[in-house]
Amino acid sequence: MVGGLIMILKHVILGGMKERNEILRVETLQKTYGKGADAFSALRGVTLGIEQGESLAIVGKSGSGKSTLMHLLALLDSPTTGKVLVNGENAKDMSKREIDSLRGDKFGFVFQQFFVNPNETVLENVALPLKIAGVPAKERRQKAMAALKEVGLERKAKNKAADLSGGQKQRVCVARAIVNEPSVIFADEPTGNLDSVTGEKIVDLLFGFNKKKKATLIIVTHDNDLAKKCKRQIKMKDGRIV
């Protein structure tokens, strides 16, 4: 009877492991800046798995390591020690070209600051990732217009980005983040510079894409109300998950 129970437990545990579909995983992640007496450990042995299609909030005070963790997950920086796995593949074993391709094709980014080129049109700003990826001009325009329609800014396509309000600029950033239909969207304080009404619209857009396209949504935020909208929350303190 005991043997049978052990077999059942093994089946449940191993079956559960197989069902997990982790798109990103970090193992014993360490990130240290500086050397010697000036060294500062931003991350101290973080291990975390993130499944395809889930929404995850990374919360914590300034200096807790949450933005550092996001940057490493997004392959915008490299760890001092530890592993960053994308679909099971160690980022350390990838070439620069492969990493650039991942960031351009599979990842989308929305930050607190409105990173737009003010002298280019809204359409040109949204199409930028496609241009970098070498997508033909006609296809770029079609995809960029579709993304602008998703965020309700198709009528602003020919406007200069400089002429937009803060909320409109952030919607342009969301459109640019989703134009490639990425597998993962990273959002670092996406509503930090917005009023509550406009911020709620940005949140609706991000979670709408998460649900509609089954894209993984990773949000770094101080906002507890925003964090609670996510399927899962992790709290960072002194470079560790607590």
Side-chain angles (χ1 to χ4, degrees), residues 23-24 48-62 64-74 76 103 106-116 122-123 125-129 143-157 159 161 163-236 241:
I23 189 170
L24 291 169
L48 173 69
I50 302 170
E51 294 185 41
Q52 177 65 53
E54 80 166 307
S55 55
L56 172 71
I58 304 175
V59 299
K61 295 180 180 179
S62 296
S64 63
K66 61 186 187 298
S67 290
T68 301
L69 176 57
M70 193 202 78
H71 289 162
L72 294 180
L73 284 166
L76 297 171
R103 286 197 303 247
K106 303 299 182 183
F107 295 167
F109 300 92
V110 182
F111 297 101
Q112 182 174 350
Q113 301 299 324
F114 313 133
F115 292 119
V116 295
V122 168
L123 185 70
N125 270 279
V126 173
L128 182 59
K143 288 189 173 183
M145 285 301 297
L148 282 172
K149 190 173 182 179
E150 287 282 342
V151 302
L153 284 179
E154 65 270 30
R155 293 183 180 179
K156 298 286 186 180
N159 289 52
D163 298 331
L164 302 181
S165 68
Q168 288 172 331
K169 288 176 182 176
Q170 192 66 309
R171 278 195 277 165
V172 169
C173 292
V174 172
R176 187 175 59 201
I178 67 174
V179 73
N180 266 340
E181 296 196 352
S183 302
V184 186
I185 294 180
F186 296 93
D188 193 351
E189 298 288 2
T191 61
N193 284 335
L194 302 173
D195 63 80
S196 59
V197 175
T198 307
E200 194 64 33
K201 291 179 181 178
I202 297 300
V203 169
D204 289 344
L205 288 170
L206 291 172
F207 281 93
F209 188 79
N210 162 245
K211 292 174 183 177
K212 184 178 178 180
K213 300 294 184 179
K214 307 300 180 186
T216 301
L217 177 60
I218 301 172
I219 299 177
V220 168
T221 184
H222 289 94
D223 186 341
N224 288 327
D225 290 335
L226 173 55
K228 288 175 183 176
K229 293 179 182 291
C230 292
K231 179 182 177 182
R232 184 160 58 118
Q233 302 170 45
I234 63 167
K235 186 176 181 179
M236 299 289 297
I241 294 176

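Residues passing the side chain to side chain contact (heavy atoms under 4.5 Å, CB included) test with Lys235, sequence neighbours excluded: Val59, Val242. Residues forming a salt bridge (Lys or Arg N to Asp or Glu O under 4.0 Å) with Lys201 (at least two apart in sequence, or on another chain): none. Every side chain to side chain contact (heavy atoms under 4.5 Å, CB included) that Lys231 has, sequence neighbours left out, goes to Glu54, Ser55. Partners of Gln112 by side-chain hydrogen bond (donor to acceptor under 3.5 Å, both in side chains), not counting sequence neighbours, listed by chain and number: Asn193. Among residues two or more places apart in sequence or in another chain, the side-chain hydrogen bond (donor to acceptor under 3.5 Å, both in side chains) test is passed with Asp195 by Thr198.
Listed by first then second residue, pairs satisfying salt bridge (Lys or Arg N to Asp or Glu O under 4.0 Å) with a partner in residues 164-192 read Glu181-Lys213, not counting sequence neighbours.
Scanning all heavy atoms of the two residues, the minimum distance from Leu205 to Glu150 falls at CD2-O, 3.5 Å. The two residues Pro190 and Val110 make their nearest non-hydrogen contact at CB-CG1, 4.1 Å. The minimum heavy-atom distance linking Val116 with Cys173 is given by the pair CG1-SG, 3.9 Å. Shortest non-hydrogen contact noted between Gly199 and Thr191 is O-CG2, 3.5 Å. When all heavy atoms of Leu148 and Ala157 are compared, the closest pair comes out as CD1-CB, 3.9 Å.
To the nearest 0.5 Å, atoms CZ (Phe186) and CG (Leu24) are separated by 5.0 Å. Note that the CD1 atom of Ile50 and the OG1 atom of Thr216 stand 7.5 Å from one another [nearest 0.5 Å]. Distance check: Asn210 CG to Lys229 NZ gives 12.5 Å after rounding to the nearest 0.5 Å.
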Are Arg232 and Glu51 close enough, and set up right, to give a side chain to side chain contact (heavy atoms under 4.5 Å, CB included), and what steps lead you there? CA-CA 11 Å; Arg232 184 160 58 118; Glu51 294 185 41; 5.9 Å; no
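The shortest distance between side-chain heavy atoms of Phe209 and Pro182 falls below 4.5 Å.
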